[in-house]
Student: 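Sharing a structure here in structure tokens format.
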There are 2 protein chains.
Amino acid sequence: MDHGGCGLAAALGLAAVSMRAIGAEVGLTPMALYGYFASKDDLLDWLVGRVLREVPRPDPGAPWQERLAESARGARTVAHRYPRTFPLLLSRPVVLAEAMRVVDPLYGALMEAGVPGGRVAAWERMFSTFVLGFAVSEVSGRFGEGNLGTRERRERLEPGELPAHDRLGEVLDLPVDWTAEFEEGLARLLAMIKEEGRRAG
Amino acid sequence: MDHGGCGLAAALGLAAVSMRAIGAEVGLTPMALYGYFASKDDLLDWLVGRVLREVPRPDPGAPWQERLAESARGARTVAHRYPRTFPLLLSRPVVLAEAMRVVDPLYGALMEAGVPGGRVAAWERMFSTFVLGFAVSEVSGRFGEGNLGTRERRERLEPGELPAHDRLGEVLDLPVDWTAEFEEGLARLLAMIKEEGRRAG
DNA sequence: ACCTGAACACCGTTCAAGT
DNA sequence: ACCTGAACACCGTTCAAGT
């Protein structure tokens, strides 16, 4: 199976939609897709691989902090570009060749930071879990699209049932700068990694 | 709509399956479910709410670190109990009453830790993103079920394409203690929160 | 008030048939 | 070698009908 044959790049944005819709998108009968993929799951794996290929490889000459940060920012950008496809990453094991190609520079950066070899994989999982979790929460709606309206919803509950919400008050309804919040979390993780490297080094 | 009427607790484990299957599970025609829920999405929201109700409320008398840790451990336990339903949390806005009831004690703990009011929500998102991201990665397969086999898969790529993997070698194929790794991440987050509270005075 | 059964417009997938 | 069309066993949902 060649996979590259049909102009399936057009379907990158969708995913999780039907074989019939994907087929229509590339001007093919849905059944023709089975010439390239064994199943819908196979097609979805390939789609996820294509999305991963758009995560930029960090410049090997840059310091390790920048390499980790660039990779994280790149992944978040890709999530916004393919909000339907990107969340599939959380439910697919990281065995695709494309996933390993994204992870490898992270391993390299963590080693350069001084993280001991036996702990590199754990740190990569912590780092990627933050990046993926944050990006998926953004694009698939957990963070809400502007958390406006939490106040109204709060009023439906009995007063006093959410004491901390009540104490915080209107500060909860302020708009959020998601990019700034992502950068903050990123900076904190990088500081933790640096500290881990210093301790071990 | 009463929702509680039918014995729908039996369906807690499934979710993401069909209305027909859920109906069969509770001994009802699928169409009868529309007497309780306006749509499948509605039913899924209710199911997520029920799952959230099983996340234990932390003991208000405990120190704030323990309250955050207990809530996080409880959420992870619930994820393992309902691996099919739990991942829905990442794609649903946190507006369900049950979600706010889980979040409220976290807000309270963060305030007691000394986090300034304007930053409490951001820290709660960072904390919950780690907990949800980790738990969902575990139960929906991103971490792989035992990462055995990465070596074989690596050999399919050209040698030298994954230099960091090559340098780390067999340490990548060791079994992982997920609970210990979760606890480590948790401890690090709590340390960061403590530091944030200390800085703010 | 609560449930059923048939029906509608969809799914993923198989398979025999076309060129 | 590559694609099609009909068909199968499913979906969520509507609606008229039953008790």
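The structure displayed is predicted, hence computed values, not measured ones. Letters go in sequence order (proteins before strands), and every chain restarts at 1.
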Student: What residue pairs, at least two apart or across chains, pass salt bridge (Lys or Arg N to Asp or Glu O under 4.0 Å) with a residue in residues 104-118 of chain B?
Tutor: Arg67(B)-Glu112(B)
Student: Does the protein touch nucleotides 3-14 of chain D at the base, only the backbone, or not at all? Give it as B, S and - per nucleotide, heavy atoms under 4.0 Å.
Tutor: SBBBB---BBBB
Student: Identify, with sequence neighbours excluded, every residue that meets ring pair (Phe, Tyr, Trp, His ring centres under 6.0 Å) alongside Phe127(A).
Tutor: none
Student: With sequence neighbours excluded, tell me which residues meet side-chain contact (heavy atoms from CB on, under 4.5 Å) with Arg119(B).
Tutor: Glu184(A), Arg188(A), Val115(B), Pro116(B), Trp123(B), Glu196(B)
Student: Identify, with sequence neighbours excluded, every residue that meets side-chain contact (heavy atoms from CB on, under 4.5 Å) alongside Asp177(A).
Tutor: Thr179(A), Ala180(A)
Student: Return the set of residues passing ring pair (Phe, Tyr, Trp, His ring centres under 6.0 Å) with Phe134(B) (not counting sequence neighbours), or none when no residue passes.
Tutor: Phe130(B), Phe143(B), Phe182(B)
Student: Map every base of DNA chain D to its dot-bracket character, where paired means a Watson-Crick or G-U wobble contact with both distances under 3.5 Å and | marks a partner outside the strand.
Tutor: ||.|||||...|||||.||
Student: List the residues meeting side-chain contact (heavy atoms from CB on, under 4.5 Å) with Ser39(B), not counting sequence neighbours, and say none if there are none.
Tutor: Asp41(B), Asp42(B)
Student: Report the residues that fulfil salt bridge (Lys or Arg N to Asp or Glu O under 4.0 Å) with Glu138(A), sequence neighbours left out, ordered by chain and then residue number.
Tutor: Arg76(A)
